[in-house]
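Since the structure comes first, as structure tokens, the remarks are kept for the end.
Computed from a predicted structure; not experimentally measured. We count ligands from 1, going down the list as the structure has it; atoms in each ligand are counted the same way.
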Amino acid sequence: MTRLVMKFGGTASAGPERLDACAALIAARQREGAALAVVVSAAAGMTDSLAAEVARADPHGQWPDEGDAVLAAGEQVNAALLAMALRRRGLKARSLSGWQAGILTDGRHGQARITHIEADRLGALIDGGTIAVVTGFQGLGPDGRITTLGRGGSDLSAVALAVALNAEACEICTDVSGILSADPKLVPGAGLITRLSYEEMLEMASQGAKVMQGRAVELAMAEQVALRIRSAFDGPEEEDRHTLVNHSAGLERAVVRAISYSRNEARIMVRDMPSGPGALRTMFAALAQAGIQIDLIVQSPSAQQGKSTLVFSLRRADAAKALDLLSDPCHNQGPCQVQLDEEMAKVSVIGIGLRSQTAMAHTMFTALAEQSIAIGAVATSETRISALIPNQDVEVAVRALHSAFGLDRA
Ligand code: ASP
Ligand code: MG
């Protein structure tokens, strides 16, 4: 018998009507013959308000074990309510907490990692025709206490259960119909992407990560669990409206799938830096030590002999700290200027096989140049070409790229 894991997010399962819609979709899947484990999040907003309670009761975070016991409660409520919605339809269903489902974790409260799932009993339960509604986001630590898996962790619970149960797929039922080719707020003609590789899904940080927790996608990739991302509100007859994420064949053929962007970027420019690896090493060591991640990097020779200009991008939140840290190593190497521009953004073309495709980069730069958008720095990988641009140009850039790559719906 095929097993399927379905996961319902917090917005998709908030309130009685939505829980009922979830139950209808689950019932349809059961009629198709699958043995079902359903993972559910807390209703939207619930975990936030529980976290606020915890912050009030334990302002210094001294008792993370009790904190987790509070945080995990939202999922428990929703799992039982969903089980009741299923029973109202005459289906056999029961809720299970993380430990009842056999989800074991390490002891890092608030950020626990799943170490093992004892899935035999859960497997037998669902094979016997009961729909198991499992609380997402939680497990059992080595000391027998409830742990939570980090925000957005229900996705991780679902993928991990799909691995442990050897399920045919993990169906992520959310409040959108899948992953779109661009943010529909910027690009009204953005369309549903029907197939994505795990790598592309991970690259789509702006919307991909909103739809699904990154750790969960990484686990799915490592264990080759097929993900189907769909709306909980599309009826069972709208079967084709979803994004399938799996190992994509055909890496040879370059395909652009989507345009993504991030507005939270800053750019640092270091002028008159001594050329050669010494100065670079000192600077990046200082940044790395402070845990500051940098993204796009360009170094180019200055007009002055033996000097160069370094440009790199980083998260805006880290910018002021980075500026502070860099001034010292910079001046130790001789006089140079460090300049910060906080109003930057990054646009990315996401797809597969992009690195070797000069034509793709050419299309990208032409489209941006036609809109007179200045490109601050560029980076390419197998699945992404990114350009640093002024924040004010994001909307125009995303629209221009979406149409330049033929992604606008006909
Ligand atoms: N309820 C948890 C959160 O809000 C887990 C989840 O929804 O995935 O982070
Ligand atoms: Mg989520």
Side-chain angles (χ1 to χ4, degrees), residues 5-15 18-19 21-22 25 37-55 61 64 66-83 95-99 101 103 105 108-114 117 133-141 146-163 170-180 198 201-202 204-220 225 227-233 242-243 245:
V5 173
M6 301 175 81
K7 183 258 169 180
F8 291 86
T11 314
S13 61
R18 290 184 175 188
L19 279 169
C22 297
L25 191 58
V38 175
V39 173
V40 71
S41 293
M46 179 71 149
T47 310
D48 287 338
S49 58
L50 293 173
E53 293 287 344
V54 171
E66 298 303 345
D68 268 357
V70 176
L71 283 184
E75 270 71 12
Q76 200 165 318
V77 172
N78 232 14
L81 290 175
L82 182 53
S95 64
L96 293 93
S97 65
W99 66 267
I103 302 176
T105 74
R108 271 184 287 178
H109 285 286
Q111 271 306 330
R113 297 199 160 256
I114 297 175
I117 299 186
V133 185
V134 180
T135 53
F137 183 50
Q138 56 166 273
L140 184 71
I146 292 173
T147 53
T148 63
L149 307 176
R151 297 307 300 268
S154 295
D155 293 328
L156 190 63
S157 311
V159 174
L161 279 176
V163 175
C170 180
E171 195 162 50
I172 304 287
C173 306
T174 176
D175 54 347
V176 291
S177 291
I179 307 289
L180 300 181
Y198 300 109
M201 175 75 185
L202 284 170
M204 303 206 38
S206 60
Q207 16 154 4
K210 256 186 253 160
V211 176
M212 226 186 134
Q213 190 206 36
R215 268 170 75 190
V217 181
E218 279 167 16
L219 181 64
V225 177
L227 304 171
R228 279 196 300 265
I229 302 170
R230 56 164 295 150
S231 167
F233 313 129
H242 65 257
T243 301
V245 185

Passes side chain to side chain donor-acceptor pair (under 3.5 Å), Asp68 versus Thr148? Steps please.
-> CA-CA 6 Å; Asp68 268 357; Thr148 63; 2.7 Å; yes

Between Leu25 and Met6, is a side-chain contact (heavy atoms from CB on, under 4.5 Å) present by the stated rule, with each step listed?
-> CA-CA 10 Å; Leu25 191 58; Met6 301 175 81; 4.0 Å; yes

Derivation of the side-chain contact (heavy atoms from CB on, under 4.5 Å) call for Ile117 and Val163 = CA-CA 9 Å; Ile117 299 186; Val163 175; over 6 Å; no

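The closest protein non-hydrogen atom to atom 7 (O) of ligand 1 is Ser41 OG, 3.2 Å. For atom 4 (O) of ligand 1, the nearest protein heavy atom (residue, atom name, distance) is Arg151 NH2, 2.9 Å.
Under the ring pair (Phe, Tyr, Trp, His ring centres under 6.0 Å) criterion, Phe233 pairs with no residue at all, not counting sequence neighbours.
With Cys170 as the fixed residue, the side chain to side chain contact (heavy atoms under 4.5 Å, CB included) test singles out one of Val39, Val245, Val159: Val159.
Every atom of ligand 1 is numbered from 1 in the order shown, and the set under 4.0 Å from a heavy atom of Gly152 is 3 (C), 5 (C), 6 (C), 8 (O), 9 (O).
Residue Gly153 places a heavy atom under 4.0 Å from ligand 1.
Every N/O-N/O distance between Lys7 and ligand 1 stays at or above 3.5 Å. Residue Gly150 has no N or O atom closer than 3.5 Å to an N or O atom of ligand 1. Here's the thing with Glu75: one of its N/O atoms is less than 3.5 angstrom from an N/O atom of ligand 1.
Between the choices Ser154, Ala42, Gly136, the shortest heavy-atom distance to atom 8 (O) of ligand 1 belongs to Ser154.
Asp48 and Arg151 are joined by a salt bridge, as a carboxylate oxygen and a charged side-chain nitrogen come within less than 4.0 angstrom of each other.
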